[in-house]
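Take a look at the structure set out below.
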Protein chains: 2
Amino acid sequence: MPKSGSGHVATSSSRDQERLVAGLVNALQDRISEGDIKIGSWIRQERIAQEYGVSRTPVREALRQLEALGVVEMVANRGARVTLPSVRAITEAFEVRGVLEGHAACLAARNITQAQLDVLHEMNGIFREAVRYARAGDEESLAKARTLWYRANDTFHATIVAACGNRQLQLTLETLHHRMPRNLSWTALNGDPRLLGENADEHAQIATAIDGRDGELARQHVMHHSRRAQELILLRFEDVPPEP
Amino acid sequence: MPKSGSGHVATSSSRDQERLVAGLVNALQDRISEGDIKIGSWIRQERIAQEYGVSRTPVREALRQLEALGVVEMVANRGARVTLPSVRAITEAFEVRGVLEGHAACLAARNITQAQLDVLHEMNGIFREAVRYARAGDEESLAKARTLWYRANDTFHATIVAACGNRQLQLTLETLHHRMPRNLSWTALNGDPRLLGENADEHAQIATAIDGRDGELARQHVMHHSRRAQELILLRFEDVPPEP
DNA sequence: TCGTAGCATATTGGATCCAATTTGGCGAGA
DNA sequence: TCTCGCCAAATTGGATCCAATATGCTACGA
């Protein structure tokens, strides 16, 4: 719940006041990711300014950054709204993501540390746990599964990308990631135990390939994983466009 | 020379006044690309504002966008300066570029139109012409070679990326491209007829592979081409860091 | 001569002000 | 009742103002 009016953007006491804009960018990005600011909704400068206790000037600069990052669109004299990516854009982004993350995995097979490998295996355990919860079927277990899978998925992919050692690759993937609605992948899996199990298997294969230091195999698995996610998302949205 | 004070940013008469910021972003990006604003130099808001006859507000927003794009760095209370990428960043970016453009070529082999293919072949002709000029050796011919190669190279790569049909891929490559000093590749080739010839051969191989609709071969050639460029650049900068 | 304190200047950062544009509602007329 | 046009409110865009901060120069003292 990062929306409360007292949500400080930066430690105002310290000298980093000028990270104000950067802080706003992060805060807004988080709120968009978490669904606190909905996709397609307008962002009112005055409102944001009041919520963070600043004037519109830094808010506008933050919005400009988000615009450059492709997170929001700014319309003439109308304001900024969270970009609603088209089905096509999502498809294309997933293709790019697959290629890039595949390459990251390939590099990671060479450069990964033991600690990072441990993280991957740990996440695999969590994926399995999430599958078990999902099999229970009741609402609460499903929510638990969602939370577990979410964190594990984020950590898993972030670890691989960090382990590849190429910072430009990491940055590129991050911006690509920020452009997409965050819950896309989970929405596609939709808590289906069967799909979740499949998904866990894919992650396990990737981790095993990296652990075995087989870069090309890791790439193959990641690309397959990405393509599979893309298929599921398309399947889910082919009649139902993302949002009103 | 797009620096003159009368350099309009947008057609002020029309309704697209609010493209002011976007116009500034483009204008500044161009000036940086062309070396009119040097790498590592500070960009004074007031100066830019006066040059384009606007206030500092839109200039600052434009700078924020450029910051988000990684083109400039903004330092607390000091201002914005054109980012000087480290040798490592350049190396890494070239690796990403190779992967991405390789994939673009692979897709282009499927999707390219005849008109685009014609452009590729035409550019190959220009590369050859540039090689001939470079062989002459005198200053004037070299400048001619440079101009020809420059345009042809831009067009060649842009055509492939446009032909791949994946707009997200195109956008990603463009931002990656904008982060690098533009004359890097030419600096690496340095007007050396031998290297230029080699370079022209590489381009020809790529075009041939795409023409033959062999996506994987095209990918291989592009990645080799990119790796080669990377090698030359590293060779050139291994003792001489890019700029003071 | 060298180093340092302190002040003047340049420059940025944020807030505020005003104009321009869009939106939505309300009423007049068909 | 429906449509068109006009006006008021909301919102953005750009300019300007003032405070905060960094830089560079100068003068003073060791």
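Proteins get letters first, then strands, A, B, ... in listed order; numbering begins at 1 in each.
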Whole angstroms only, please: what is the CH2-C1' distance between A:Trp42 and C:dG24?
15 Å
Spell out, as yes or no, whether a donor-acceptor pair under 3.5 Å connects the side chain of A:Gln170 to the backbone of A:Ala162.
no
Of B:Thr57 and B:Glu46, the one whose closest nucleotide on DNA chain C sits nearer the 5' end is B:Glu46
With axes from five pairs an end, tell me the bend angle of the helix from C:dT1-D:dA30 to C:dA30-D:dT1, nearest 10°.
10°
Short side-chain to backbone donor-acceptor contact, A:Ser33 and A:His178, under 3.5 Å:
no
Rounded to whole Å, how long is the line connecting atom CZ of B:Arg19 with atom P of C:dT21?
16 Å
Separation of C:dG14 C1' from B:Asn77 CG (nearest whole Å)
11 Å
What do you reckon, are the aromatic ring centroids of A:His225 and A:His157 less than 6.0 Å apart?
yes
Classify the side chain of A:Arg56 versus the base of D:dG13 as yes if they form a donor-acceptor pair under 3.5 Å and no if they do not.
yes
With sugar-phosphate meaning primed atoms plus P, OP1 and OP2, does A:Leu63 contact a base, only sugar-phosphate, or nothing at under 4.0 Å between heavy atoms?
nothing
Does A:Ser55 place a side-chain N or O at less than 4.0 Å from the phosphate oxygens OP1/OP2 of C:dG14?
no
In whole Å, I'd like the distance from the CE atom of A:Met74 to the C1' atom of C:dT21.
14 Å
Are any of the side-chain nitrogens in B:Glu231 or B:Arg228 under 4.0 Å away from the carboxylate oxygens of its partner?
yes
Going through the checks in order, is the side chain to side chain contact (heavy atoms under 4.5 Å, CB included) test met by B:Leu169 and A:Val99?
CA-CA 10 Å; B:Leu169 180 45; A:Val99 172; over 6 Å; no
Are any side-chain N or O atoms of A:Gln168 and backbone N or O atoms of B:Glu92, one a donor and one an acceptor, separated by less than 3.5 Å?
no
For B:Gln45 and D:dT16, give me the distance from atom CD to atom C1', rounded to whole Å.
14 Å
Can you tell me how far P of C:dG14 sits from CD1 of A:Ile48, to the nearest Å?
16 Å
Position toward the 5' end of DNA chain C (nearest nucleotide), A:Glu61 or A:Arg78:
A:Glu61
Rounded off to whole Å, could you give me the CZ-to-P distance for the B:Arg60 and C:dA15 pair?
10 Å
Do the side chains of B:Arg47 and B:Glu51 get close enough for a salt bridge, i.e. N-O under 4.0 angstrom?
yes
Gap between atoms CG and C1', on A:Leu20 and C:dG14 respectively (whole Å)
8 Å
